[in-house]
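Remember, it's 1-based here, ligands and their atoms both numbered in the order they're listed.
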Amino acid sequence: MSDLVEGRVVRVDAKVCHVELGDEVLLAAPRGALFEGLAGVKNPIAVGDQVRLDPRSDPLALVEVLPRRNWLSRVASSHDPREQVLAANVDQLLVFASVAHPKFSSNRTDRILAACQWHGIPAVLVLNKIDLDKKGLTAELRATYESVPVPILETCAVDGRGLDELKELLRDKVTVLYGPSGAGKSTTLNAIQPGLGLKVGKISRHWEQGRHTTTHSRLIPLEQGGWVIDTPGIRVFRLHGVKKDQIRDLFPEFVRVQGRCKYPNCTHDHEPECAVLDALEEGAIANTRYMSYLEMLVEAAPDDFAYDDEEDEEDDALE
Ligand SMILES: Nc1nc2c(ncn2[C@@H]2O[C@H](COP(=O)(O)OP(=O)(O)O)[C@@H](O)[C@H]2O)c(=O)[nH]1
Ligand SMILES: [Mg+2]
Ligand SMILES: [Zn+2]
């Protein structure tokens, strides 16, 4: 076994993985054993995984996935409760959002920020298309997210504002780029690294949503050093494995005050003398953040004390 070679997965297709080994990318077929005993995990291999290959096998076999430093995952779909690993061994995640076209979604943003808290992945909020902001929404969003706090970068991919800073942020790091289709991820990457040639989608006027031009999640090398993981248009991000009573700890601005709630296990929903509800009333906690919290609370798996049924059929009924 000592002559196995180690590489990094840069793309995962249905039957084959693209693995970077030195300065080449090779196709490798995962061994069947990797798909056994997965215990609720949909995919055994994700982009960013360090893996071992058997160089003597033909076709080249991927035989082992090395332990991960961290990973980002979600519930696979509303019909599939398994954990879907989206990326492994990452340094940070950019929550890429546009202030308009498509419209900014607090719910989407807060879900991914909570996921980053859960997985211990540092997050930065990128507010793109600031050229289209006619109503001062950028300033409003800045105030909301600074109160969390989340670092914020304002960009405009068409006139270049903020792109130098963004480029510095990406240097020598493995960064997951997450955001709705049409927010400007490909345009921004192309501007940062001309020659990358990522396809840019046309916004469909009817839906105000970009077309899904990115189909696979991939690890893209940057000339300046570092990698970007472009995730395909994920519509709903549901956290996997988080219990109801753990959601409140994924909102840092709640964590700062919730020690003063009357009940130590306060859900900040209806309880009397709730410090989070007080902060909400005073405007110290943003209403949009609180609404996102409530929605996640409703759909999360019940905690161990209240139920022992793992099924989440209720979630499906809500869709
Ligand atoms: N006005 C404006 N349009 C932008 C900006 N960034 C991207 N776009 C446009 O938004 C559309 C979708 O961009 P794209 O990069 O494909 O988004 P992606 O789906 O996130 O990769 C394209 O028509 C871009 O030209 C920006 O900062 N301002
Ligand atoms: Mg794109
Ligand atoms: Zn409370």
*Atoms in ligand 1 with a heavy atom of P180 nearer than 4.0 Å*: 20 (O)

*atom 6 (N) of ligand 1: which of N128, V158, L132, L189 has the nearest heavy atom?*
N128

*How many angstroms lie between CD in Q224 and CZ in R171, if you round to the nearest 0.5 Å?*
4.5 Å

*Is the CH2 atom of W118 crowded by more than 12 outside heavy atoms at less than 6.0 Å?*
yes

*asked:* Is the contact between T187 and ligand 1 made by the side chain, the backbone, both, or neither, using heavy atoms and a 4.0 Å cut-off?
replied: both

*Report yes or no: do N128 and T155 form a side-chain donor-acceptor pair below 3.5 Å?*
yes

_I need the L222 CG to L170 CG distance, nearest 0.5 Å._
6.0 Å

*Between the Mg ion (ligand 2) and S186, is there an N, O or S atom separated by less than 2.8 Å?*
yes

*Pick, from E154, K129, R161, the option with the minimum heavy-atom distance to atom 10 (O) of ligand 1.*
K129

*So is G184 polar-close to ligand 1, meaning N/O to N/O under 3.5 Å?*
yes

_Over 12 foreign heavy atoms within 6.0 Å of CD, E165_ = no

*Could you list the atoms of ligand 1 found under 4.0 angstrom from a heavy atom of S181?*
19 (O)

_Separation between CG of N107 and CE of M291, rounded to the nearest 0.5 Å_ = 9.5 Å

_Show me which atoms of ligand 1 lie under 4.0 Å from any heavy atom of C156._
27 (O)

*Below 4.0 angstrom, N of the basic side chain to O of the carboxylate: do R260 and D278 qualify?*
no

*Indicate, with yes or no, if the rings of Y293 and F254 have centres closer together than 6.0 Å.*
yes

*Polar side chain donor-acceptor pair, E140 to T144, under 3.5 angstrom*: no

*asked:* Please check whether K185 reaches ligand 1 - meaning an N/O of the residue sits under 3.5 Å from an N/O of the ligand, judged on distance alone.
replied: yes

*Rounded to 10°, how big is the angle at the Zn ion (ligand 3) from H268 ND1 to C266 SG?*
100°

*asked:* Using heavy-atom distances only, which candidate in A191, S98, A183, G182 approaches atom 12 (C) of ligand 1 most closely?
replied: G182

*So what does the C261 SG - the Zn ion (ligand 3) - C274 SG angle come to, to 10°?*
110°

*Pick from G160, A157, S186, A100: the one approaching atom 27 (O) of ligand 1 most closely through a non-hydrogen atom*: A157

